[in-house]
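These notes concern the structure reproduced below.
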Protein chains: 12
Amino acid sequence: MSQHVYKKIELVGSSTTSIEDAVQNAISLAEKTIRHMRWFEVVETRGHIEENKINHWQVTVKVGFTLDQ
Amino acid sequence: MSQHVYKKIELVGSSTTSIEDAVQNAISLAEKTIRHMRWFEVVETRGHIEENKINHWQVTVKVGFTLDQ
Amino acid sequence: MSQHVYKKIELVGSSTTSIEDAVQNAISLAEKTIRHMRWFEVVETRGHIEENKINHWQVTVKVGFTLDQ
Amino acid sequence: MSQHVYKKIELVGSSTTSIEDAVQNAISLAEKTIRHMRWFEVVETRGHIEENKINHWQVTVKVGFTLDQ
Amino acid sequence: MSQHVYKKIELVGSSTTSIEDAVQNAISLAEKTIRHMRWFEVVETRGHIEENKINHWQVTVKVGFTLDQ
Amino acid sequence: MSQHVYKKIELVGSSTTSIEDAVQNAISLAEKTIRHMRWFEVVETRGHIEENKINHWQVTVKVGFTLDQ
Amino acid sequence: MSQHVYKKIELVGSSTTSIEDAVQNAISLAEKTIRHMRWFEVVETRGHIEENKINHWQVTVKVGFTLDQ
Amino acid sequence: MSQHVYKKIELVGSSTTSIEDAVQNAISLAEKTIRHMRWFEVVETRGHIEENKINHWQVTVKVGFTLDQ
Amino acid sequence: MSQHVYKKIELVGSSTTSIEDAVQNAISLAEKTIRHMRWFEVVETRGHIEENKINHWQVTVKVGFTLDQ
Amino acid sequence: MSQHVYKKIELVGSSTTSIEDAVQNAISLAEKTIRHMRWFEVVETRGHIEENKINHWQVTVKVGFTLDQ
Amino acid sequence: MSQHVYKKIELVGSSTTSIEDAVQNAISLAEKTIRHMRWFEVVETRGHIEENKINHWQVTVKVGFTLDQ
Amino acid sequence: MSQHVYKKIELVGSSTTSIEDAVQNAISLAEKTIRHMRWFEVVETRGHIEENKINHWQVTVKVGFTLDQ
């Protein structure tokens with residue numbers, strides 16, 4: 001991280017397979033409107049249960065991106 | 001909550017009457033620019049005092065809305 | 001609180017009208033299986049939004065009750 | 001809030017009716033000894049249960065008041 | 001989440017392979033005594049080390065289930 | 001801790017003499033209904049005062065026990 | 001705790017022997033200026049070391065007392 | 001703070017000289033797109049080290065601004 | 001810190017120049033009524049913005065002072 | 001965990017593939033200088049983004065090992 | 001605490017008798033490799049249960065010691 | 001931060017002038033025994049008061065450095 005200014009936004013991504021995949025899904029959708037994403041921080045991990053199985057994971061991340069480019 | 005991607009933003013609403021009303025006021029103003037709001041989480045409750053009476057409540061909420069529609 | 005032993009359980013109550021009512025609803029349902037409830041602590045306040053209105057409140061409480069009676 | 005110095009104290013107010021009323025009760029009693037109260041922050045919300053009903057709410061607030069007047 | 005009352009319990013599941021698997025193992029065992037599980041929240045992730053390898057993961061989750069059915 | 005599934009419950013024990021005794025009292029009473037208790041975690045320590053003396057300690061613990069035996 | 005208003009103050013007591021004694025020492029000194037103390041909550045436990053021995057414990061407590069009597 | 005609705009965003013500013021300067025740099029850049037900024041809250045202070053010297057500070061702030069004007 | 005009893009109070013100081021100055025301002029005003037201040041702990045750092053400049057810093061500190069002298 | 005004394009250190013491991021792998025990488029490198037590692041606790045999960053893809057995960061763990069052998 | 005630089009390490013001590021003894025045991029073992037220990041802060045208190053009795057306490061402390069002597 | 005493994009240690013630096021200087025003093029002393037320091041995170045800011053003036057600041061930082069070089 002160099003001497004830029006960053007903005008951090010909070011996203012919730014989901015996936016039926018894994019925590020990692022849920023984070024990637026949030027980033028993939030966000031790329032439509034946000035450029036220059038640089039890092040993320042996981043702030044909450046939860047999920048939904050259907051018939052005693054994990055149906056999907058829901059992972060909340062803060063994503064940091066460069067403002068000054 | 002289904003398998004969408006959500007974004008969460010942080011708003012501060014106020015009301016002279018109640019905590020519940022302060023949250024609704026924040027949501028009502030936000031609807032002008034944000035669509036598909038789905039849920040909120042109260043993160044801070046405070047207020048201002050004038051002449052030993054609660055003058056108004058100020059409630060900070062995180063509001064989640066759908067990105068992918 | 002005297003010198004008893006207490007157990008604390010975590011409940012989520014909901015209400016379309018207020019935070020107070022959501023807590024009472026959780027306690028009212030719990031009374032079917034739990035006796036000697038003594039106090040509660042609010043640990044999370046959130047809610048669902050439908051068409052830019054608060055549809056219902058969801059309040060998580062820890063409820064303490066006496067074990068030794 | 002201007003450039004004054006403030007002191008914050010911690011009070012617990014109670015009410016049989018609502019969270020809002022419990023906060024006002026704490027402020028009303030404190031006014032006997034504290035002047036220039038300016039704001040409050042809710043730090044804990046709990047209550048007592050009698051026969052499966054909320055008997056009274058107990059709300060802990062930090063109250064800020066001006067020192068330099 | 002509709003307008004039901006939920007109870008949340010805290011479980012610790014373990015797995016030699018992944019965080020996701022540890023959560024599923026906790027849910028699978030709990031289904032013997034708990035019905036209508038709806039969601040989970042990860043509250044702690046830890047694990048044991050044997051000879052410099054992760055021997056197994058231990059994941060603490062809160063599991064919410066419906067009381068009123 | 002081996003590869004079992006554990007459940008954690010929250011208890012409040014009290015004692016007129018010490019924190020350690022309050023925890024033991026909570027465990028002793030819980031043994032009437034819970035088997036295979038394995039560990040505890042202190043989450044809150046408080047107490048009551050009568051005539052400027054500590055009247056009794058109240059210690060909240062989470063107790064973990066084996067589900068799968 | 002009945003329907004009074006309480007004030008909470010923060011004290012640090014010390015003792016060469018135990019955590020319990022440090023809390024009692026704080027309360028004993030406070031009784032010179034504060035009446036109607038009702039309960040305490042331990043918020044921090046620390047201590048000083050001299051020549052590899054615990055020299056004294058320092059325990060921070062919040063003490064609640066009645067305002068309205 | 002009067003009875004408006006506010007939005008809070010999270011920014012990371014940096015500076016080679018001080019914490020205060022890092023916050024001002026975040027605000028200065030944000031003013032290009034955000035109007036009516038009213039207050040900030042420092043949520044994280046960190047920095048980078050080069051050859052055993054602090055190379056630059058990185059300060060995360062939440063910035064509140066008026067929505068309703 | 002020796003084996004005294006301390007009381008901690010919470011103050012908010014402000015300054016147009018720096019965090020350090022805001023803390024000193026809180027202490028300087030408090031000295032009118034409090035003697036034997038010994039240490040402080042920063043608990044919150046925030047500030048007000050006017051026309052995209054930091055107008056003044058507001059720093060909340062807990063200040064510890066000796067009760068037993 | 002028996003009646004030994006343990007030391008806990010804080011490590012940050014990284015991996016291009018998963019959270020689990022990042023933790024194992026931290027442990028594998030630490031084994032060069034630390035013996036008798038017994039358990040770990042995940043304290044932070046974050047990662048870097050390159051061209052809208054997760055480039056690598058960075059997981060902070062506390063690792064406990066035996067001092068007395 | 002004078003104007004030195006300190007390092008803080010995290011230790012877990014255990015004892016079959018008390019919290020105080022567990023802390024002293026951690027310090028006693030650490031003295032073999034660490035000199036100039038000055039203070040400790042309790043960060044976690046837990047323990048193991050055998051046949052419904054507290055078998056031993058496990059207390060995590062941060063220990064501060066002087067670097068510059 | 002690239003794909004290395006890092007270790008984080010906790011230091012307390014002090015300064016009579018500023019927070020920034022206290023952090024630099026901690027890093028300067030640590031460089032005698034630690035190489036490849038990369039970043040720091042401020043975790044606590046406090047200080048000592050003498051005759052109603054800030055005598056010196058004490059700032060606790062976590063410092064991250066590369067293990068694998």
Side-chain angles (χ1 to χ4, degrees), chain C, chain D:
Chain C
M1 283 181 260
S2 58
Q3 292 182 39
H4 301 295
V5 172
Y6 303 93
K7 185 177 178 183
K8 288 161 81 171
I9 57 168
E10 200 163 351
L11 301 174
V12 185
S14 67
S15 161
T16 56
T17 58
S18 72
I19 296 170
E20 287 84 351
D21 196 44
V23 175
Q24 181 60 61
N25 287 347
I27 293 169
S28 295
L29 201 83
E31 76 170 276
K32 295 173 184 168
T33 53
I34 301 165
R35 299 173 12 129
H36 305 299
M37 287 184 281
R38 298 289 299 273
W39 84 94
F40 63 88
E41 308 160 21
V42 174
V43 291
E44 192 181 51
T45 304
R46 52 197 299 162
H48 281 225
I49 303 169
E50 298 283 345
E51 297 184 6
N52 304 315
K53 300 292 178 210
I54 298 172
N55 184 271
H56 61 274
W57 291 82
Q58 283 189 313
V59 183
T60 305
V61 285
K62 290 196 179 183
V63 174
F65 55 95
T66 320
L67 268 192
D68 49 350
Q69 294 190 345
Chain D
M1 286 182 260
S2 59
Q3 293 182 38
H4 301 294
V5 172
Y6 304 92
K7 185 175 177 183
K8 288 161 81 170
I9 57 168
E10 199 162 351
L11 301 173
V12 185
S14 66
S15 161
T16 55
T17 57
S18 71
I19 297 170
E20 286 83 352
D21 195 43
V23 175
Q24 181 59 62
N25 287 348
I27 293 169
S28 295
L29 201 84
E31 76 169 278
K32 295 172 185 170
T33 54
I34 301 164
R35 299 173 11 129
H36 305 301
M37 287 185 281
R38 299 289 299 272
W39 84 94
F40 64 89
E41 308 160 20
V42 175
V43 290
E44 191 180 50
T45 303
R46 51 197 299 162
H48 283 225
I49 303 170
E50 298 284 344
E51 297 185 5
N52 304 316
K53 299 292 179 212
I54 298 172
N55 183 271
H56 62 274
W57 291 82
Q58 284 190 312
V59 183
T60 304
V61 284
K62 290 195 179 183
V63 174
F65 55 95
T66 318
L67 268 192
D68 49 351
Q69 293 191 347

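Computed from a predicted model, the values in this text were never measured in an experiment. So you know, we letter chains A, B, ... as the sequences are listed, proteins then strands, and number each from 1.
In this structure a side-chain-to-backbone donor-acceptor pair under 3.5 Å is missing from Gln24(C) to Lys53(D). Counting only distance, with no hydrogens or angles, the side chain of Glu20(C) and the backbone of Ile19(D) share a donor-acceptor pair below 3.5 Å.
Distance check: Ile49(D) CD1 to Glu31(C) CD gives 10.5 Å after rounding to the nearest 0.5 Å. Distance check: His48(D) NE2 to Phe40(C) CZ gives 9.0 Å after rounding to the nearest 0.5 Å. Going from atom CE of Met37(C) over to atom CD1 of Ile54(D) covers 10.5 Å, rounded to the nearest 0.5 Å.
Exactly one of Thr45(D), Val59(D), Val42(D) qualifies for a side-chain contact (heavy atoms from CB on, under 4.5 Å) with Val42(C). That residue is Thr45(D).
Of the two parts of Val63(C), only the side chain, counted from C-beta on, holds a non-hydrogen atom closer than 4.5 Å to a non-hydrogen atom of chain D.
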